[in-house]
Structure formats: structure tokens, C-alpha cells
Participant: 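Take this structure first; my questions come after.
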Protein chains: 2
Amino acid sequence: MSSVTNDTPSDPPIRERMPAAERRELILGHASAVFGRRGYSGTTTEQIAQAAGISQPYVVRMFGTKEKLFVEVMERALGKLIVAFREIIRLRDSGEIASNELGARLGQAYVDLIEDRGILMSLMQGFIQGHDDVIGRRARAGFLEIYRLLRDEAGIPADDVRGFLADGMLINTLLAIGMPDNFEGDEAATELMTLSFGAKLDAVLCVASEQSTRPV
Amino acid sequence: MSSVTNDTPSDPPIRERMPAAERRELILGHASAVFGRRGYSGTTTEQIAQAAGISQPYVVRMFGTKEKLFVEVMERALGKLIVAFREIIRLRDSGEIASNELGARLGQAYVDLIEDRGILMSLMQGFIQGHDDVIGRRARAGFLEIYRLLRDEAGIPADDVRGFLADGMLINTLLAIGMPDNFEGDEAATELMTLSFGAKLDAVLCVASEQSTRPV
DNA sequence: CTCTCTAGTAATTGATCGATTACTAGTTTA
DNA sequence: TAAACTAGTAATCGATCAATTACTAGAGAG
């Protein structure tokens, strides 16, 4: 009797048995969503297990500890962000987009990642966990990796990179605070989100209404 | 036998007995520091009690629940932020500072609040807790309160307010990730912090070295 | 001096959570 | 087809934590 409470990542038909590598990726996806919403300490391995439709001990045994799972989630998120940015830089290098468009396109690539909210949110939850020895160290390294990527690989002036990251942190904060799901037509909230999410606003509010009415 | 492990807020000589109102404020100060570092779920009432030099049940009984204590910490932090901003606006209204300086002075007022890191950090920990019904609701209201204050009372154009908040969120993230305490001379980290903290960089690194070598 | 608050603690409790152990069913291989 | 490995679960354990209870000491009022 597998009473399963599935979560965001587009529930594929519940399969009973699955190669470890595939199960691993599935767990990471759900863990990303739950950690992203509830934070590291606020998330239980049981919540992740339920989201992934498996038993709690299996989650723990596959990753060793909750902490190791969280670090893997962070690394996966960071990896996806870096891939997205590098792709834009590649398009610039190959002349497919103009140099003066680079910043805007990178910004769009960032906002596009909201679609899977777990990516940006689990990263942010890691950033906020700076006091933890192992998570904090990984988070700082990851943050600086992004900074160097934008400055050195993309060739963006340092203070523009700072501004870019600042915009990103505001976006993260608005998502983490749950503004898209709970603004209830508030005029100030609407204005601030319009300015922050730009053309992606519709998508953000759409993803919000999908993901807000769910358990976990 | 009062074996006391005091925390940041400039340890006054340990007094045995104290009026409730005074004790309350003392607890709020220490709770702000601990919640700011470890987050809501990551903090135990015992850690707050040790920081404040009292017993764990006393902490709980004075505020009812951990959640109520956290909300009070948030409200106190928000209050201090608003007071700081209103003071700058008042100086502008009374002509003591020029209108075109307003943004810079508000920014400085924000950065000055880093001195007591608990204020900005406990607020940020609240922002990140958007999924929680009661904390999230309060956090959203507080965030929008700051937005309206800057836009309507200070009269700053909406998109400049957005930029201002973005800069603030980057500062918060750099503090929360523990960059000032752990950058270890890294070139990129130094550059980013210089750009973000500006003239306050020295003070930030100083507070860091004071507050990093402590328990809790 | 004693009565009565007020400020505080020690002890404990029930719930929760991460982790471990011991098991089972399904799949592959020889 | 039997052996060996892989994918999974159920049961449980020890630790931790917020909260409650029941107590004690000190200060002020009469």
C-alpha cells in the first residue's frame, strides 16, 4: 500500500522500483522544492520522503545524512545556475547576441529559473545558513563562484555585477517571503513585483498559484 | 550557581533579579542575535536562554511560545529600522540635509544598523520564512511597510526604491552567508564587500571578528 | 515580622526527528 | 533455477526540544 503524497516536480506515474541513480535525481528534485520552501532546519527528511513518494529511511540512507543531502541540493542548484549563465555567455562569444544585451539576457536567464522555484530558493536557503560550518563554507564558495563567473567570464564591470547580484537577492527575497502567492492584490506589492520580475511577472504569479495550494 | 554563557549585546554585569520589562528587553536583544544567526527553526529556546543568562522555561513563559518570541523580535527589528529611516526623512523635511542626498543618507542609515547585526539578520530570517502562516504574514506586511515608507514618505521613485531594497537584500545576504567573518582575504570577496558596504567596510569586518569567536 | 506578589529555577513530559537495524521483494546472472 | 545483488520498507531507538508543572527565594506593604 503506497499512500503517496507527491510534490511539485511534475509527478510522473508512481513507479514502484527504479535504478538508484534515477531515484537519486528524483529525490534531489523534491528535496530542492521542500528545502527551498522550509529551509534546512525547518525541513524534515520525512517531508522529503513523502514528496518523493518513498520511505524516510530510504532518503536518509541514499545520502548518508540530511546535511549531505542539503549540500547536494545546493550544488545541483548552483550547477544549473552556472550552466544557464554560461549558455548566455557562449551566445555572446559566438556573436548570436550583442555585447550590450548581455546583462539583460543574463537577467532573463536568472528570472527564467524561477520556473523551478526550488533552484533559486534552495540556493537562497543555503546562503542564509552561513553560520553552519559545512553548509556555510559551500554557500560562500558558491556565491563567489557566481560573482567571478559574471565578472571574469562574462566580463561585466565589478559594480555592475554587484548590482546584478543585488537584483537577484531581491528577487529571491520576494519569492522566499511568499509575495507572489499572498499579495492579494496589494497595490505596493503589485508595483514592486512588476518592477522586479518584469516580463516574467505573469509566469511568476502562475507558478505561485500552482505551487501554493499543496501540502508539505 | 548561575553558570552563564553570555552573548553579544554588550554584557552588562550579570544581575540576579530584574523587573520583568527590563528582562523582557534583555531577552529580546539576545534572541535577536541568536535568531539572526541560526534562523527560526535552527534556534532553540535553550540557546536564547543561555545567551541571556537565564533558564529556558523562563524564556518560554515570558513570551508564551517560541513563535511569539520570534514575531516580537521581528517587530522590534522592523521598528528600529523604521525609526532610523524616519529620522533621515525628518532631517530632509527640516532642510538639514539636501533632497538629493536623501538616498545616500538612507543607505547609510541602513548600513549603520549592521552594528547590531541582530536587527538586519533577524528581519532577514523572517523574510525567508514566508511559508509559515503567522511569521510569513508578518514578514510580508513588514517588507511592504518599508517599501511604502520609502516611496510615499520619503518620496523616492518606485524603481529607485526597488534598487534600494535590492542593495539592502544583497547586504543582508552577504552578512547572513558569513562573508565578513570567513572571506579569508579572498580577492573577489574583498571587492564585492567593498562595493556593497562602502565606507562601512572596516566597521563590518570589525564587528565580524568580535562576533565570530563566540559560542551559541 | 509576616503576608503577598514577583522573579526565577529544577524537573519532567510528550512529541518529533534523524538515524540505524533488520527484514522483504524483485531483478540479474551464471 | 538457485545464488547474489539491488531497491526498498517497517519498526524502533536515542536525542533533542518546546512546553508545563511545581516549586523557591527575594522584595515591598502593612
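The sequence lines fix the lettering, A, B, ..., with proteins before strands; numbering per chain opens at 1. It should be emphasised that the depicted structure is a prediction, and the values quoted were computed from it without experimental measurement. Just so it is clear, the values below take in all heavy atoms, side chains as well, and ignore hydrogens, waters and symmetry mates.
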Participant: Answer yes or no: are there more than 12 heavy-atom neighbours, outside B/R24 itself, under 6.0 Å from its atom CZ?
Facilitator: yes
Participant: Give the table of side-chain donor-acceptor pairs shorter than 3.5 Å for residues 120-129 of chain B, with sequence neighbours excluded, one pair per line with atom names and distance.
Facilitator:
residue : atom : partner : partner atom : Å
B/S122  : OG   : B/G118  : O            : 2.6
B/S122  : OG   : B/I119  : O            : 3.3
B/Q125  : NE2  : B/G36   : O            : 3.2

Participant: For C/dG8, take OP1 and OP2 only and decide whether either is under 4.0 Å from a side-chain N or O of B/R23.
Facilitator: yes
Participant: Using a 4.0 Å heavy-atom cut-off to protein, can you give one letter per nucleotide of nucleotides 17-25 of chain D, 5' to 3': B if the base is in contact, S if only the sugar-phosphate is, - if neither?
Facilitator: SBBB-B--B
Participant: Taking the minimum atom-to-atom distance to the side chain of B/A20, which one of D/dG8, C/dA7, D/dA7 wins?
Facilitator: C/dA7
Participant: Distance check needed: D/dT9 C1' versus A/Q50 CD, whole Å only.
Facilitator: 15 Å
Participant: Atom CZ of A/F35 to atom C1' of C/dG18: distance rounded to whole Å?
Facilitator: 11 Å
Participant: Can you tell me how far P of C/dT6 sits from CD of B/E22, to the nearest Å?
Facilitator: 17 Å
Participant: Using whole Å, report how far CD of B/E16 lies from P of C/dG8.
Facilitator: 9 Å
Participant: Let me know the distance between CZ of B/F63 and P of C/dA7, rounded to the nearest Å.
Facilitator: 13 Å
Participant: Please determine if a side-chain N or O atom of B/Y58 lies less than 4.0 Å away from the OP1 or OP2 oxygen of C/dT9.
Facilitator: no
Participant: Table please: side-chain donor-acceptor pairs of residues 195-208 of chain B below 3.5 Å, with sequence neighbours left out.
Facilitator:
residue : atom : partner : partner atom : Å
B/S196  : OG   : B/L192  : O            : 2.8
B/K200  : NZ   : B/D112  : OD1          : 3.0
B/K200  : NZ   : B/E115  : OE1          : 3.1

Participant: Rounded to whole angstrom units, what separation is found between the CE atom of B/M18 and the P atom of C/dG8?
Facilitator: 7 Å
Participant: Is there a donor-acceptor contact under 3.5 Å linking the side chains of A/D152 and A/Y147?
Facilitator: no
Participant: Check whether B/F35 forms a cation-pi arrangement with B/K66 (NZ or CZ under 6.0 Å from the six-membered ring centre, at most 45° off the ring normal).
Facilitator: no
Participant: Indicate the atoms forming the closest heavy-atom contact of A/A52 with A/R23, along with that distance.
Facilitator: O-NH1, 4.2 Å
